[in-house]
Undergrad: 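Could you have a look at this structure, given as structure tokens, before my questions?
So you know, we letter chains A, B, ... as the sequences are listed, proteins then strands, and number each from 1. Because the structure is a prediction, the values reported are computed rather than measured.
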Amino acid sequence: MDYNFTAIEQRWQQQWKADCLYKVSNKSDKPKYYVLDMFPYPSGAGLHVGHPLGYIASDIYSRYKRLQGFNVLHPMGFDAYGLPAEQYAIQTGQHPEVTTNKNIARYKEQLGKIGFCYDWDREVRTCSPDYYKWTQWTFRRMFLSYYDNKLQKAQPIDNLVRHFEAEGSANLDVAQSEELGFTAADWQAMGDKERQQVLMNYRLAYLAYTKVNWCPALGTVLANDEVSEGLSVRGGHPVEQRVMRQWSLRVSAYAQRLLDGLETIDWTESLKDTQRNWIGRSEGAEMLFPVKANETVVEGMNLKIFTTRADTVFGVTFMVLAPESEYVKQVVTSEHAAEVEEYLAWVRRRTERERISDRKVTGVFTGSYAVNPLSKAEIPIYISDYVLAGYGTGAIMAVPAHDSRDYAFARHFSLPVIPLIEGADVSEQSFDAKEGVMMNSGFLNGMQVKEAIAAMKRYIEEQGIGRVRVNYRLRDAIFSRQRYWGEPFPVYYKDDMPYMIPEQCLPLCLPEVDKFLPTETGEPPLGNAQLWAWNEAEKKVVDKSMIDNQTVFPLELCTMPGFAGSSAYYLRYMDPHNDEALVSGEANAYWQQVDLYLGGSEHATGHLIYSRFWNKFLFDLGLVCKDEPFAKLINQGMIQGRSNFVYRVIGTNKYVSLGLKDQYEVQPIHVDVNIVQNDVLDTDKFRCWMPEYNDAEFILEDGKYICGWAIEKMSKSMFNVVNPDDMVERYGADTLRLYEMFLGPLEMSKPWDTNGIDGVHRFLRKLWNMYETVTDDAPTAAELKSLHKLIKKVTWDIENFSFNTSIPAFMIAQSELQQCRKRAVLEPLSVLIAPFAPHLAEEMWHRCGNHTSVCDASWPVLEERYLVEDTVKYPVQFNGKVRFTIELAKDMPREEVERVVLASDDTARYLAGNQPKKVIVVPGRIVNIVC
RNA sequence: GCCGCGAUGGUGGAAUCGGUAGACACGAAGGACUUAAAAUCCUUUGGCCCGAAACGGCUGUGUGGGUUCAAGUCCCACUCGCGGUACCA
């Protein structure tokens, strides 16, 4: 009987669908378990063989958990908004919705063939109005909230208004863009617009002029995590800095909670570290440096700086301001104004990329001086682009002896360097380490650096010249995108101030446009929409020709970024059809949070920060019961491509095999991996592959053409893309699933190499053949041992996500049980393999005489008694005396015992000399040695 | 620069708690079946040495040290590769 995988797989996929086998209920007596994959962006290229890796792993785990008796939620959906669909629309005029839907259909078809146990009734799409209604809803709530630092919680903005009415900005400990000072009377005197401007300083979703990463090629701003080395992550286009009026989310308010939360979740240390670095907490002090003008100290004018090295104040020999700093205007003297302006213009001209690649020391003197509050020395104030406006206060105290950047600057401008640590040689470079004994530092002399930092912090607080402070590197997330294909903001503008569309009017649907490019006047694409104005009185969208700024107002033209839709999708799966709430209290109380989340580590500083932030906000609202969204997270590695090469002899149409290429002058050329098997080129197919190769000639070795190979990214241009559909067609879904797991550890990146898939396929065929006849005979001890060994191994492996080592265990069991046709063995075996090869398992399970689905079976119970070794105890002599007893597997001949134990003289001596110790020497053969 | 991860045969990888390194699979070589091929099955397969053979010996997990009766595994120093981050004061 042949293993007809195509027939088997089609049959069971249809059966599962007909039985609604994977439909999940929110009501169950079973314990719940929530397994989630990072949902894909449906690109036009379809899935390649690397995409399903994580999905297969999560599917195995889901099926295992179900067999263990859990009610398992394992959904799938699509992150459907994004740049590629829009870029394609700009080029072809096709509506992004059309191409997106087409791509989703293709993805679902491909995923369907692999046999995942998704409950498709719970599918979500971020671009569907009944989904993005809740994205808009949450944004609206963020606008209506501020963050209370004392309560460590988001609060309704109305509370803040009451505070202002009562005492103005006094006694306020809240997250804010800048510190404002006003009284209750001031507040009362403000008009509506002015009050709105004040509130904007505190809202969790706020509109402000911010320095943004502007990408001219994409025509939009990008978040920090969407930019790498001055280029956009998508497309690799140059990015420049610009100040624009943008929506932002006050993620920074949650910095400490995002940091603390990491301690409570089961993620890999490396991922947590990446997030810790990104949040970048640093403890230090803020200090005030008085400014001098015309040789006298200006009353009330101070430069506020942030430092983590308060101990080094005595070594401050100059100050540096960021070019964009507010202080610049205040301190530049008229004699230096021209020079400074020239420098600032030069800085503005430089692109982010130039700044990164060309890191020479630049700067300009402002003409003003500050006073070192401790040494009382007069120190010059400079401007330089090595100081960043966005971090700390945008101004620093420079300590050239103990900071390498300040050192480089001091050397360039011939500024004094005062060493502060005994024994530190600063003649060639700075001494940056936080260790050693202080000198030249007044009352700090003789202290260790760490003591000195603490002492100085105490001193500056006592003297009122500064305060202890914690800074975070984490910035607020820029939330506006000048694009069409994204969630519209539920926002309209009245007198240039934003207002939210009422909750009951959501969703605010994305309007039709006739062009996807920005308007001629540079407005985002939504500026092309006719039906895009808000009638405040009638609470509905109307034609924009009706805008009168009395009752009809313009709507926001930007859309939300990609991470908006992906920040809470895991909640929506719990209750996907609810139109009253993002998720009902009951559904959330049942499913709680994601128990296991699988996805790539490339989302460490993007999606995985944003969705933690988003979830914490919803937690503060009381909408969700868990502070963290993902209890456990596993990063699957990337699957790289394995490219093949042929070697063309330069100037000819001759191709030389790998082993002989050194004898010619050759040029390597990528060749489609689908016409190469085990690195042997199919020369006929090669000739047909492209017209230019029709009359190719080959220089063979041993009658074969051997190709070279390299590991590269899987991409069309490298001709190394392997399509899962082809694999399913040739080998079946079960083989593909097993082989993807067999390839190596889940978390490691590895190249896809189709060589080797035959071995896995052969194993499944052999396994299948064991089920041709099934008898009711009683199994032997050896058969039960093989079975239970396998139960133990596979259970351990799945729980530890070590799927790659399970497959060899199955292969060994299969060869040990080759002759076994007994139901008592074959039936549990079919359950064990069900998570890995669900279609074949169903077939095996039914061959054992069952009429239900194997998915509703129970995971086999391990019985240790079948594993107990058959052992014999031997006395072992050493130096003529019986020194210890050794317990050995029965099948080991006695004469080998002493040889094994005494193989190492030192070990034997050790065993003889150390009395009552139990040492496991060799599991399986020598069971243990008992003294 | 800083943080994290990794390095084991021709290849992918195994060794889960410090206890036979190289499981399992691929590839390769040889053999069986076959008119032949495919498929299937069997044998061998880290390197080196002794030997007719059996048996055996030495060596071996990126490099150099160390701890231990025993190290791929633990410690110290280094080399290379991958990923993240980068004037964060």
Undergrad: Classify the nucleic acid contact of Pro751(A) as base, sugar-phosphate or nothing, counting any heavy atom under 4.0 Å across all strands shown.
TA: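 No contact.
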Undergrad: Select base, sugar-phosphate, or nothing to describe what Lys766(A) touches, counting heavy atoms under 4.0 Å on all strands.
TA: sugar-phosphate
Undergrad: Counting side-chain heavy atoms from CB outward, which of G13(B), A23(B), U40(B) is closest to Met748(A)?
TA: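 Side chain of Met748(A) sits closest to G13(B).
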Undergrad: Tell me, with the steps shown, if Tyr739(A) and His761(A) meet ring-ring contact (aromatic ring centres under 6.0 Å, His included).
TA: CA-CA 8 Å; Tyr739(A) 186 60; His761(A) 187 70; over 10 Å; no
Undergrad: Apply the test salt bridge (Lys or Arg N to Asp or Glu O under 4.0 Å) to residues Glu428(A) and Arg411(A): give CA-CA distance (whole Å), side-chain angles for both, the deciding distance (0.1 Å), then the verdict.
TA: CA-CA 10 Å; Glu428(A) 293 294 325; Arg411(A) 282 284 179 254; over 6 Å; no
Undergrad: Of Arg309(A) and Leu743(A), whose nearest nucleotide on RNA chain B comes first from the 5' end?
TA: Leu743(A)
Undergrad: Choose from A89(B), G4(B), A39(B) the nucleotide whose nearest atom is closest to any side-chain atom of Asp273(A).
TA: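 Nearest listed nucleotide: G4(B).
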Undergrad: Using whole Å, what does the distance between atom P of nucleotide C24(B) and atom CG of Asn804(A) come to?
TA: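 Going from Asn804(A) (CG) to C24(B) (P), I get 15 Å.
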Undergrad: Identify which nucleotide among A23(B), G84(B), A89(B) has an atom closest to any side-chain atom of Thr274(A), counting heavy atoms from C-beta outward.
TA: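 Of the candidates, G84(B) comes closest.
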Undergrad: When you measure from the side chain of Ile812(A), which nucleotide among U85(B), C24(B), G13(B) comes out closest?
TA: C24(B)
Undergrad: Anything under 30° is parallel, anything over 60° is perpendicular, the rest tilted; go ahead and classify Phe409(A) against Phe413(A).
TA: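 Geometry flag for Phe413(A) against Phe409(A): tilted rings.
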Undergrad: In Watson-Crick or G-U wobble terms, both distances under 3.5 Å, what is the partner of A54(B)?
TA: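 Partner of A54(B): none.
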Undergrad: Output the rounded distance in Å from CD1 (Ile453(A)) to P (A89(B)).
TA: 12 Å
Undergrad: U61(B) and A15(B): how far apart are their C1' atoms, nearest whole angstrom?
TA: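 U61(B) and A15(B) have their C1' atoms separated by 11 Å.
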Undergrad: What nucleotide among U85(B), A89(B), U40(B) has an atom nearest to a side-chain atom of Arg473(A)?
TA: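 The nucleotide sitting nearest to the side chain is U85(B).
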Undergrad: I'd like the C1' distance from U34(B) over to G27(B), given in whole Å.
TA: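 G27(B) and U34(B) have their C1' atoms separated by 24 Å.
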Undergrad: For atom P, what is the distance between C82(B) and G12(B), given to the nearest Å?
TA: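 Taking atom P in both C82(B) and G12(B), they lie 16 Å apart.
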Undergrad: Is there a Watson-Crick or G-U wobble partner for C2(B) with both distances under 3.5 Å, and if so, which one is it?
TA: G84(B)
Undergrad: If anything within 90° of 0 is syn and all else is anti, what is G9(B)?
TA: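 Syn.
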Undergrad: Pick the C1' atom in C33(B) and in C42(B), then give their distance to the nearest Å.
TA: 11 Å
Undergrad: Report the distance from atom CG of Leu271(A) to atom C1' of U85(B), rounded to the nearest whole Å.
TA: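 Those two atoms, CG and C1', are 14 Å apart.
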Undergrad: Let's see if you can work this out: which of C87(B), C26(B), C3(B) has an atom nearest to the side-chain heavy atoms of Asn277(A)?
TA: C3(B)
Undergrad: Expressed as a whole number of Å, how far does the C1' atom of C5(B) sit from that of G9(B)?
TA: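 Approximately 24 Å lies between the C1' atom of C5(B) and that of G9(B).
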Undergrad: For C41(B) versus G56(B), give the span between their C1' atoms, rounded off to a whole number of Å.
TA: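 It comes out at 32 Å once rounded to the nearest Å.
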Undergrad: Between Ser282(A) and Tyr391(A), is any side-chain donor less than 3.5 angstrom from a side-chain acceptor?
TA: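 Yes, Tyr391(A) and Ser282(A) have a side-chain donor paired with an acceptor closer than 3.5 Å.
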Undergrad: Consider the side chain of Pro808(A), meaning its heavy atoms from C-beta on, and name the nucleotide among C26(B), G13(B), A23(B) that approaches it most closely.
TA: A23(B)
Undergrad: Under a 3.5 Å cut-off for both distances, is U79(B) Watson-Crick or wobble paired, and to whom?
TA: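 Here U79(B) is engaged in a pair, and the nucleotide opposite it is A7(B).
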Undergrad: So, is Tyr386(A) near the phosphate of A89(B), with a side-chain N or O under 4.0 Å from OP1 or OP2?
TA: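 No, because none of the side-chain N or O atoms of Tyr386(A) sits under 4.0 Å from OP1 or OP2 of A89(B).
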Undergrad: Measure the distance from OH on Tyr739(A) to P on C26(B) and round it to the nearest whole Å.
TA: 10 Å
Undergrad: Rounded to the nearest angstrom, tell me the gap between atom CG in Asn213(A) and atom C1' in A86(B).
TA: 15 Å
Undergrad: Would you measure the distance from the C1' atom in G13(B) across to the matching atom in A38(B) and give it in whole Å?
TA: 29 Å
Undergrad: Can you check the Glu740(A) CD to G13(B) P distance for me, whole Å?
TA: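 Rounding to the nearest Å, CD of Glu740(A) and P of G13(B) are 14 Å apart.
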Undergrad: Select base, sugar-phosphate, or nothing to describe what Ser282(A) touches, counting heavy atoms under 4.0 Å on all strands.
TA: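 The answer is sugar-phosphate, as Ser282(A) gets under 4.0 Å only of primed atoms, P, OP1 or OP2.
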Undergrad: Under a 3.5 Å cut-off for both distances, is A14(B) Watson-Crick or wobble paired, and to whom?
TA: none
Undergrad: Of all the choices, C87(B), G84(B), A86(B), which nucleotide is nearest to the side chain of Leu388(A) once you look at every atom?
TA: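 Taking heavy atoms from C-beta onward, the closest nucleotide is C87(B).
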Undergrad: With syn defined as a glycosidic angle within 90° of 0 and anti as everything else, classify C17(B).
TA: syn
Undergrad: Would you say the side-chain atoms of Asn720(A) and Ser643(A) include a donor-acceptor pair closer than 3.5 Å?
TA: yes
Undergrad: Indicate whether any N or O donor in one side chain lies under 3.5 Å from an N or O acceptor in the other, for Asp679(A) and Asn644(A).
TA: yes
Undergrad: What does Phe742(A) touch in the nucleic acid at a heavy-atom separation under 4.0 angstrom: a base, only the sugar-phosphate, or nothing?
TA: base
Undergrad: Met811(A) has a side chain; which of A39(B), C24(B), C87(B) sits nearest to it?
TA: C24(B)
Undergrad: Take the protein atom CD of Glu226(A) and the nucleotide atom P of U85(B), then report the distance between them rounded to whole Å.
TA: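 The distance from CD of Glu226(A) to P of U85(B) comes to 13 Å, rounded to the nearest Å.
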Undergrad: Verify the distance criterion only: is there a donor paired with an acceptor across the side chains of Gln256(A) and Tyr472(A) at less than 3.5 Å?
TA: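 There is such a pair (donor and acceptor under 3.5 Å, judged by atom type) between the side chains of Gln256(A) and Tyr472(A).
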Undergrad: CZ of Arg475(A) versus P of U85(B): gap in Å, rounded?
TA: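 Those two atoms, CZ and P, are 14 Å apart.
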Undergrad: Please state the P separation for the pair U85(B) and A71(B) - nearest whole angstrom.
TA: 41 Å
Undergrad: Evaluate the side chain to side chain donor-acceptor pair (under 3.5 Å) criterion for residues Asp432(A) and Ser430(A): first the C-alpha distance (whole Å), next the side-chain angles of each, then the deciding distance (0.1 Å), finally the verdict.
TA: CA-CA 6 Å; Asp432(A) 292 14; Ser430(A) 62; 2.6 Å; yes
Undergrad: Which one is paired to G27(B), where only Watson-Crick or G-U wobble pairs with both distances under 3.5 angstrom count?
TA: U45(B)
Undergrad: Heavy atoms only, 4.0 Å cut-off, all strands: where does Val387(A) land among base, sugar-phosphate and nothing?
TA: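 Answer is base: heavy atoms of Val387(A) come under 4.0 Å of a base.
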Undergrad: Compare the minimum distances between each of G27(B), A89(B), A23(B) and the side chain of Ile396(A), then state the nucleotide with the smallest one.
TA: A89(B)
Undergrad: Where does the angle between the aromatic ring planes of Phe810(A) and Phe763(A) fall among parallel (under 30°), tilted (30 to 60°) and perpendicular (over 60°)?
TA: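 Geometry flag for Phe763(A) against Phe810(A): tilted rings.
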Undergrad: Under 4.0 Å, heavy atoms only, any strand: does Arg276(A) hit a base, just the sugar-phosphate, or nothing?
TA: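 The answer is nothing, as Arg276(A) stays clear of every strand by at least 4.0 Å.
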Undergrad: With nearest nucleotides of RNA chain B determined for Lys360(A) and Ile757(A) from heavy-atom distances, which residue corresponds to the more 5′ nucleotide?
TA: Ile757(A)
